[in-house]
Amino acid sequence: MSSPERKLRLTDIINVNIWDVDSKPHIIVNYEKCKNCPTKACVRLCPTGCYTETENGILFSYEGCVECGTCRVVCPMEAITWTYPKSGKGIFYRFS
Amino acid sequence: MEEMNILDQKFDVAVVGAGPAGLAAAYYLAKKGFKTVVLERGREIGSKSIYGGRIYAAPLKEIYPNFNSMPVHRWVKKERISIMPDYESMISIDYQGKDAISFTAYLTEVVKWMGIQAETAGATIITDVPVTNFYRENNKVAGVVSGEDVLRSDVVVDAEGVNRLVLEASGIVKPLKPELVALGVKEVLKGDSKQIEDAFGLSQDEGLAWVFLGAATANVPGGAFLYTNRDSVSLGVVVLLDKAIVNLKDHISQLVESLRTAPALKNYLKNLRISEYSAHLIPEDVWSLRPERLVYDGLLITGDAAGLLLNAGYTYRGVDFAAYSGYLAGKAIESAHAQGDYGAGALSSYEKMLKDSIVIKELNRFRKVHEIMKNNLLFEKYPKIMSGVMKRMFENSDGPSKAWDAINESCKENQYSMLKLLINGYKIVRAL
Amino acid sequence: MGLDIILLFKYVPNTTTVNVDPNTGTLIREGVPSVVNPHDLVAAEFALKLKEKYGGKIMAMIMAPPSATKGIEYLVGMGIDEGILLTDRVYGGADTLATSYVLSQAIKKVVSHYDLIVAGQETLDSSTAHIGAQVSSWLGIPYVYYVTEAEIQDGHMIVTRQLETYIEKYKVKLPALISVLMHSLQPRDVTLKNKIKAVKEKPIKVYTNNELQLNPLCTGLKGSPTIVAKTEFIGKIPRKMQIMQGKPPEEMVSWLISKLKEEKVI
Ligand SMILES: Cc1cc2nc3c(=O)[nH]c(=O)nc-3n(C[C@H](O)[C@H](O)[C@H](O)COP(=O)(O)OP(=O)(O)OC[C@H]3O[C@@H](n4cnc5c(N)ncnc54)[C@H](O)[C@@H]3O)c2cc1C
Ligand code: SF4
Ligand code: SF4
């Protein structure tokens with residue numbers, strides 16, 4: 001469908017962003033609840049791909065989070081404890 | 001919550017969030033001599049700001065006498081709406097205006113500018129600090145809480161944006177639901193200004209606002225956009241979240257990826273490099289999202305947090321509306337101060353002024369659009385019908401067919417009644 | 001008794017995330033904001049813990065362009081009491097020698113009393129780890145690095161330093177300079193209370209060479225014998241990710257070891 005030559009991996013794209021990554025996570029996922037999740041919507045809808053589905057269930061990493069709040073809204077299981085990073089940490093936009 | 005540490009310092013007004021809404025409120029209030037503090041969770045003003053790319057100027061000109069120093073990139077003189085049946089082709093409507101009423105810019109830069117205006121007017125801006133709740137005295141909002149620290153103020157302006165953690169914590173609104181919001185994902189692609197002007201046929205300072213419907217969102221209700229900045233392009237996709245949960249098969253980032261690499265856009269985006277990837281929620285069903293009231297004792301709610309954003313189907317007006325609501329909140333506080341009372345009654349002039357302002361007037365005018373945006377047909381069926389029409393008209397080897405025949409045949413092919421098409425088409429035009 | 005502590009820090013471009021253009025593979029430097037060097041935040045936390053225990057005052061000191069004021073504000077936001085910014089055109093382009101010279105001379109000239117100087121292990125942007133050693137020798141005071149703990153005992157400081165395979169304890173005379181082992185502590189967050197103080201009271205003093213009167217031949221580019229001949233970007237090493245989960249620990253460990261051997265890491 002689309003020209004393949006410039007298809008890039010999401011991990012490479014988000015590499016252009018700047019983060020001041022906090023040493024503690026601002027989002028906590030209760031993986032137990034994920035086991036019964038009917039949609040796993042976070043996996044497709046987290047824009048930076050922080051949620052991955054593995055053989056052994058959902059895996060979440062907060063480092064690439066852009067604090068959009070999508071996962072919090074789409075999660076049907078209330079599995080996510082969501083706050084903002086403290087001390088101005090997290091994403092630092094420059095050209096948006 | 002037990003070990004609260006009430007700070008000695010007290011302000012007249014505390015503003016939660018240094019976005020367009022909060023900074024416009026702070027600017028107005030500081031200028032009028034109110035001791036004003038803005039609390040922002042980001043490292044710097046603008047470091048958490050992201051939007052589509054175009055701002056309507058009039059409300060900002062009214063708020064800021066020195067609007068001419070605004071970091072404008074380009075004035076939008078060209079508008080284009082394209083329907084993409086697939087990534088290879090599109091049907092476009094172009095509009096070239098004479099007088100530009102909107103401009104492209106980075107929101108990161110615009111709010112930084114607004115921050116300087118507020119600070120110059122005398123407001124204090126505190127970054128790095130997320131507000132976690134309101135502080136209450138005798139059931140009135142009387143300041144803000146961050147961690148264990150309490151900062152008191154006579155009145156609070158909530159301008160925290162669409163993710164309303166503070167309003168939620170204080171019990172004023174419920175957590176967001178997917179049907180209330182849309183998700184926007186965007187890339188900024190950089191080159192130099194000459195490159196942008198050549199690729200899009202623009203003259204210096206002239207900008208293009210371009211909207212895509214159809215394949216650009218994998219037929220999930222929503223849209224895609226392209227704005228030309230000084231030396232870059234903002235390219236992004238917006239999808240309604242409840243629809244995306246059900247209908248989006250791929251990862252959301254694939255939508256932007258497919259748009260950037262679409263053959264139909266290839267010639268425009270040559271040799272640009274990605275310089276930022278961002279995402280944010282947008283109020284979608286603004287009527288259901290709006291808190292029950294916009295004023296409470298000691299509290300006013302502005303901007304996205306109040307659902308004061310216009311989704312006109314082809315364009316968003318959030319930045320100027322947010323700023324204008326902040327400005328009106330400032331005026332309401334000024335008049336409440338004159339009455340010596342910050343109760344909900346005294347502050348309610350905010351809601352009245354909003355009602356009479358461009359913000360609510362336009363929101364009412366566009367109320368219908370939301371209904372249509374929810375209509376899958378617009379995003380799935382219509383693009384296909386239209387592309388069928390175009391193909392018949394322009395790619396028919398027997399020579400072009402008559403428009404009417406083409407529409408008729410294309411409707412049949414897509415199993416859709418022409419009467420329905422006409423009725424719905426009329427509805428859309430009316431709503432817009 | 002109360003300890004007067006000087007915290008040396010650097011304000012550096014945030015390169016914790018290396019920004020590489022996905023199309024061309026080149027480094028992107030445009031608009032990269034600066035942060036307080038993360039290892040210096042650990043040193044700040046170390047100093048704050050000492051202050052909590054013994055009382056006293058912490059002053060953050062930096063030689064840098066005026067934009068570093070933001071870094072001082074961040075540290076005051078964490079609870080540091082005040083800051084000194086040493087800034088002058090003639091200090092620009094300094095290597096570690098010229099930098100340590102200015103810092104130590106400023107300490108001599110404008111700081112009336114101090115018991116302890118605390119620094120981070122190294123900086124994000126150059127990783128030389130010279131500053132601590134050089135400042136202490138300019139000042140002629142003891143220097144201990146890789147420090148994880150410090151305690152006051154009868155006018156001396158008992159300092160614990162952690163090396164790869166063993167722990168050492170030193171008894172040093174004060175004043176002394178210590179550099180804190182990186183990652184050994186979790187820096188605390190900025191609080192509303194402290195950040196308001198930083199912005200409203202601005203407890204920041206600025207000194208230029210007008211006040212310090214240092215010989216310009218010993219500062220900045222002129223005072224810097226080090227020449228960076230060339231820096232080379234080694235390119236991005238593609239990350240490989242494999243996940244092993246839910247097996248008995250023994251099995252997972254031997255799997256990991258075999259993978260690391262495969263990759264010639266061990
Ligand atoms: C993809 C997309 C495209 C858009 N396109 C356009 C467009 O082209 N034109 C247009 O006019 N509008 C557009 N909008 C809408 C526009 O961005 C918003 O309407 C506008 O930014 C709202 O301003 P605000 O001040 O209410 O909130 P925001 O801009 O969201 O600002 C809120 C601020 O508060 C801070 N904050 C939040 N919570 C806290 C807390 N607890 N403590 C301290 N600080 C906090 C945030 O960091 C942020 O700085 C778009 C939005 C999106 C997402
Ligand atoms: S949507 Fe929620 S419950 Fe489902 S997988 Fe994601 S985090 Fe888990
Ligand atoms: S907040 Fe947004 S970016 Fe962060 S993990 Fe959730 S969906 Fe992903």
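Chain naming here is simple, since letters A, B, ... match the order of the sequence lines and numbering starts at 1 in each. Just so you know, these numbers come straight off a predicted model, no measurement behind them.
- Interatomic distance, B:Glu44 CD to A:Tyr93 OH, rounded to the nearest 0.5 Å: 15.5 Å.
- Taking OG1 of B:Thr108 as the reference point, atom CZ of A:Phe92 lies at 9.0 Å (rounded to 0.5 Å).
- No part of B:Val162 comes within reach of chain A, as not one of its non-hydrogen atoms sits under 4.5 angstrom from that chain.
- Here OG of B:Ser146 is found 8.5 Å from NZ of A:Lys86. Values are rounded to the nearest 0.5 Å.
- Between A:Pro47 and B:Ala279, the shortest heavy-atom contact is CG-CB, 3.4 Å.
- Remark: side-chain polar atoms of A:Arg44 are paired, donor with acceptor, to backbone N or O of B:Leu248 under 3.5 angstrom.
- Heavy atoms of B:Pro130 lying under 4.5 Å from chain A belong exclusively to its side chain.
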| task | Could you check B:Arg43 against A:Ile18 for side chain to side chain contact (heavy atoms under 4.5 Å, CB included), going step by step and ending with a plain yes or no? | result | CA-CA 12 Å; B:Arg43 176 64 48 80; A:Ile18 301 265; over 6 Å; no
| task | Apply side chain to side chain contact (heavy atoms under 4.5 Å, CB included) to A:Trp82 and B:Asn163, showing your working. | result | CA-CA 11 Å; A:Trp82 199 97; B:Asn163 276 316; 4.3 Å; yes
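- For B:Ile245, the parts sitting under 4.5 Å from any heavy atom of chain A are the backbone and the side chain alike.
- Here the CG-CD1 distance, from A:Asn15 to B:Ile274, works out to 11.0 Å after rounding to the nearest 0.5 Å.
- Counting only distance, with no hydrogens or angles, the side chain of B:His251 and the backbone of A:Thr48 share no donor-acceptor pair below 3.5 Å.
- Distance check, rounded to the nearest 0.5 Å: OG1 of A:Thr70 to NE2 of B:His280 gives 9.5 Å.
- The parts of A:Pro85 that come within reach of chain B are both its backbone and its side chain, each placing non-hydrogen atoms under 4.5 angstrom from that chain.
- At a threshold of 4.5 Å between non-hydrogen side-chain atoms, the residues A:Ile13 and B:Ser253 do not count as touching.
- Chain A forms more heavy-atom pairs under 4.5 Å with one residue of B:Lys249, B:Lys112, B:Lys177, B:Lys190 than with any other, namely B:Lys190.
- In this structure, chain A has heavy atoms under 4.5 Å from both the backbone and the side chain of B:Lys48.
- In this structure the side chain of A:Val16 never reaches within 4.5 angstrom of the side chain of B:Ser275, judged on heavy atoms.
- Using a 4.5 Å cut-off between heavy atoms, B:Glu187 contacts chain A through its side chain alone, with no backbone atom that close.
- Heavy atoms of B:Asp250 lying under 4.5 Å from chain A belong exclusively to its backbone.
- Here the shortest heavy-atom pairing between B:Ala244 and A:Leu45 reads CB-CD2, 3.9 Å.
- The shortest heavy-atom contact between B:Tyr106 and A:Arg94 is CD1-O, 4.5 Å.
- Residue B:Leu281 holds its CG atom at 8.5 Å from CZ of A:Arg72, rounded to the nearest 0.5 Å.
- Heavy-atom pairs under 4.5 Å with chain A peak, among B:Leu259, B:Leu255, B:Val188, at B:Val188.
- If you measure heavy-atom distances from A:Leu10 to chain B, the contacts under 4.5 Å come from the side chain alone.
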| said: Could you walk me through whether A:Lys7 and B:Gln254 satisfy the side chain to side chain contact (heavy atoms under 4.5 Å, CB included) test, starting with their C-alpha distance in whole Å, then the side-chain angles of each, then the deciding distance to 0.1 Å, before giving a yes or no? | reply: CA-CA 9 Å; A:Lys7 279 271 176 190; B:Gln254 282 301 312; 3.5 Å; yes
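- With respect to chain A, the highest number of heavy-atom pairs below 4.5 Å among B:Leu176, B:Thr127, B:Val110 belongs to B:Leu176.
- Of the two parts of B:Ser278, the backbone and the side chain both hold a non-hydrogen atom closer than 4.5 Å to a non-hydrogen atom of chain A.
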